[in-house]
Amino acid sequence: MTQPPSQQPPQGGSGSPQDPQQGTPQQPAQPPQLPTPPQVPPGPPQTPPAQPAGPPQDAQPGYGYPQSAPQPGYGYPQQAPGQPGPYGQPGPYGQQPGPYGQQQGPYGQQPGPYGAYPTQPQYPGAPVPPPPGGGRGNFFKGKPAAIIGAALAALLVIGGGTWFALSGSEDDPRPDAKQSSGPQPTGDESVDQGDGNGTGRKEVDDLNAGRKDGESKVLWLAKNDVDLPRNGAEVYGPWFAGDIVVKGMYKEVAGYSADDGSKKWSLPLPAELCAAPVRGTDDGKLVIAYKDGTSDKANCTQLQLVDLKTGKAGWKKTITKKGAFDLLSSLTLAISGNTVTAARTGNGEAFRISDGAPLFGKLPGNCQPQAFAGGPKLIAAETCRTGDYDKTQEQLQELDPTTGKARWTYKLPVNWQVDKVYSVDPLVVSMSQPDQKKWSVVALNANGTLRSQIDGGTDRYQPRCGGGFVVFGEILEGCVGVAADADTFYMATEPKKGGTARTNAVVAFDLDTGKRKWRADAPAEQTMIPLRMEGSNVLVYLEPKYDSGGAVATLAPTGGKPTVLLQNPASTSSIERTFWSPKLAYHNGRFVIASGRVSASNDKEEKETKTMMAFGK
């Protein structure tokens, strides 16, 4: 990517990097001026022509925009065209059938911690294309006021494809979860690990029968035990709390033993789960959101504290409507310390996790958050009013998680928008200019000034991020295919055909200069996806092939070959590949893979759907 004409970093605070506590907007870096590469015809990815250094900018596959044709599989024998594969890619991974026999599309989902593996619509890359008509700040651009309401209503009904349109009927015999003043947990239920009867230990033993020396054990295999609506349900999590692994789906949040998969507790919800943060608190608390009713018109407004260790429900809060257009976008949640934020387009508010007390709401000034990223710092992506539908202005702020006061402000160039926060500390941000299909990755200093712009060279990259079901809102965090430590940013390249299968590499960048430090190739015929940092090393997932299992491994800070921590059995690779849009979690030597969405064409298939699988030593 060509550097902006001015090499002076934007100034934070009141114009002085030494005064980061001021919230005065700074001058933006000039938008990168990039030539438009030639259009790529439908078909397998082509090697891009030489271009100025930087992340990819056009609409070719691998840049996060919808691709025009299916790509080859991941080393698996050829299958019928159009069958979806892993993470939105065609290939060997099994797919869940959609309602009425339709094939489910690769919708994205809320990401989970410890390296969860979310996807995006059609193609898992970064950033997500904006709604027609421009970015988030101007999604009404060019639309007469008289049709705005109708357009929004239609989007809210069909924004997720057929899933929203097929959300059940009056003659649906499935009962709703029990209505109560508040959800209460039940415990000591067994997860169905086999054929739907008993504990499933026999099936787990059978799965380990073909295990070779040095391969991990299958600890447990769980099937769906939740009666779902016809359109299936998105999966939230998984989250770890000690030796409990937790996932949420439809009208339930449930905790399972990480050792044997037995269900330790179940928290029923009065209505459908609709939002959850990437991470919980250090002491095992989580705030989730569910809808305020069971009709198609229900909004995502009910916040509920959950203890991940016990399943006990804590305080409950209702998000109230603030203005005529509030609650028209999806709600997204983020946690930083003892603060949980609830954001949607044009509005954001924060609550104290320990007791639910409100902390802050509308921010002072002309700019308001549409999304937050949490963790060690609270980062807000904000949209500023411009009075011009053809001009959008966004900015990033670090906020005090207790007061909402801005510690610094970084203004983006006009008509650029924040797509994802790849890392909060150090701060690495993906931003784009959707109308021109440009993409840039920048690193910021601790005071909000520009640290570097990542120089991607001629490689094509493939961060994988969630948010496919989010309407007008934005999920800032939870991407995989990226990781960062204090000095280095790591990003996976787009898989390319190598021999009989697809393979890729991980590239390391110096955060102070944006320049490439090294490139580590994945093992032959495998793809290697950074999940997060594991100490000073990069934790990666090696995707399974048709004749070998996946693996959890690390890359040293100097690159080289991956060191395998957990090699999954080749004998169960066919099962490992069947999880739809898989979400991955590695914690204390245990590796859990979970389906990102559960759906089936009938009740019998629904009960046979595998939802989670765990491996260990």
Side-chain donor/acceptor of Gln368 to backbone N/O of Leu363, under 3.5 Å: yes
Residues Asp435, Asn415; criterion side-chain contact (heavy atoms from CB on, under 4.5 Å); working and verdict: CA-CA 8 Å; Asp435 291 340; Asn415 291 334; 5.8 Å; no
Stepwise side-chain contact (heavy atoms from CB on, under 4.5 Å) check, Lys420 with Val482: CA-CA 11 Å; Lys420 301 292 174 182; Val482 292; over 6 Å; no
Heavy-atom donor-acceptor pair, Thr301 side chain to Thr318 backbone, under 3.5 Å: no
Distance-only side-chain donor-acceptor flag, Gln462 / Thr493, under 3.5 Å: no
Close side-chain approach of Leu333 to Leu331, heavy-atom, < 4.5 Å: yes
Least distance between heavy atoms, Ala484 atom then Phe489 atom: CB-CD1, 4.2 Å
Gap between atom CZ of Arg597 and atom OG of Ser581 - 0.5 Å precision: 10.0 Å
Donor-acceptor side-chain pairing of Lys411 and Gln395 below 3.5 angstrom: yes
Gap separating the CD1 atom of Ile379 from the CD atom of Gln397, nearest 0.5 angstrom: 9.5 Å
For the student: nearest non-hydrogen atoms of Val418 and Glu394, plus distance: N-OE1, 3.0 Å
Taking every non-hydrogen atom, the tightest pair across Val287 and Ile335: N-CD1, 4.2 Å
Ion pair check, Asp510 and Lys517, cut-off under 4.0 Å: no
Separation between CG of Leu273 and SG of Cys300, rounded to the nearest 0.5 Å: 8.0 Å
Inter-residue atom distance Ile529.CD1 - Asn504.CG, 0.5 Å rounding: 5.0 Å
Atom of Gly404, atom of Phe360 and distance for their closest heavy-atom approach: N-CD2, 3.3 Å
Set of residues satisfying salt bridge (Lys or Arg N to Asp or Glu O under 4.0 Å) with respect to Arg516, sequence neighbours excluded: Asp459
Glu398: partners by salt bridge (Lys or Arg N to Asp or Glu O under 4.0 Å), with sequence neighbours left out: Arg407
Donor-acceptor contact below 3.5 Å, side chain Lys583 vs main chain Gly237: yes
Passing candidate, side chain to side chain contact (heavy atoms under 4.5 Å, CB included) with Val428, options Val421, Val441, Leu444: Val441
Reported CD-to-NZ distance for the pair Gln433 and Lys438, which is rounded to 0.5 angstrom: 7.0 Å
Any residue meeting side chain to side chain contact (heavy atoms under 4.5 Å, CB included) with Thr341, in chain and number order, not counting sequence neighbours: Ala334, Thr339, Ala350, Phe372, Leu378
Main-chain N/O of Pro277 paired with Trp239 side-chain donor or acceptor, under 3.5 Å: yes
Contacts of Asp283 that satisfy side chain to side chain donor-acceptor pair (under 3.5 Å) - sequence neighbours left out: Thr281
NZ/NE/NH1/NH2 to OD/OE distance under 4.0 Å, Glu349 and Arg344: yes
Side chain to side chain donor-acceptor pair (under 3.5 Å) against Asp282, all qualifying residues, sequence neighbours excluded: none
Listed partners of Asp487 passing side chain to side chain donor-acceptor pair (under 3.5 Å), at least two apart: none
Contacts of Arg352 that satisfy side chain to side chain contact (heavy atoms under 4.5 Å, CB included) - sequence neighbours left out: Asn338, Ser354, Asp355, Ala357, Leu359
Listed partners of Lys285 passing side chain to side chain donor-acceptor pair (under 3.5 Å), at least two apart: none
Euclidean distance, Trp315 CH2 relative to Phe351 CZ, rounded to 0.5 Å: 6.5 Å
Qualifying disulfide (SG to SG under 2.5 Å) pairs, either residue in residues 357-461, two or more places apart: Cys367-Cys384
Test side chain to side chain contact (heavy atoms under 4.5 Å, CB included) applied to Pro364 - qualifying residues, sequence neighbours left out: none
Counterpart residues, side chain to side chain contact (heavy atoms under 4.5 Å, CB included), relative to Thr386 (two or more places apart): Asp388, Lys391, Gln393
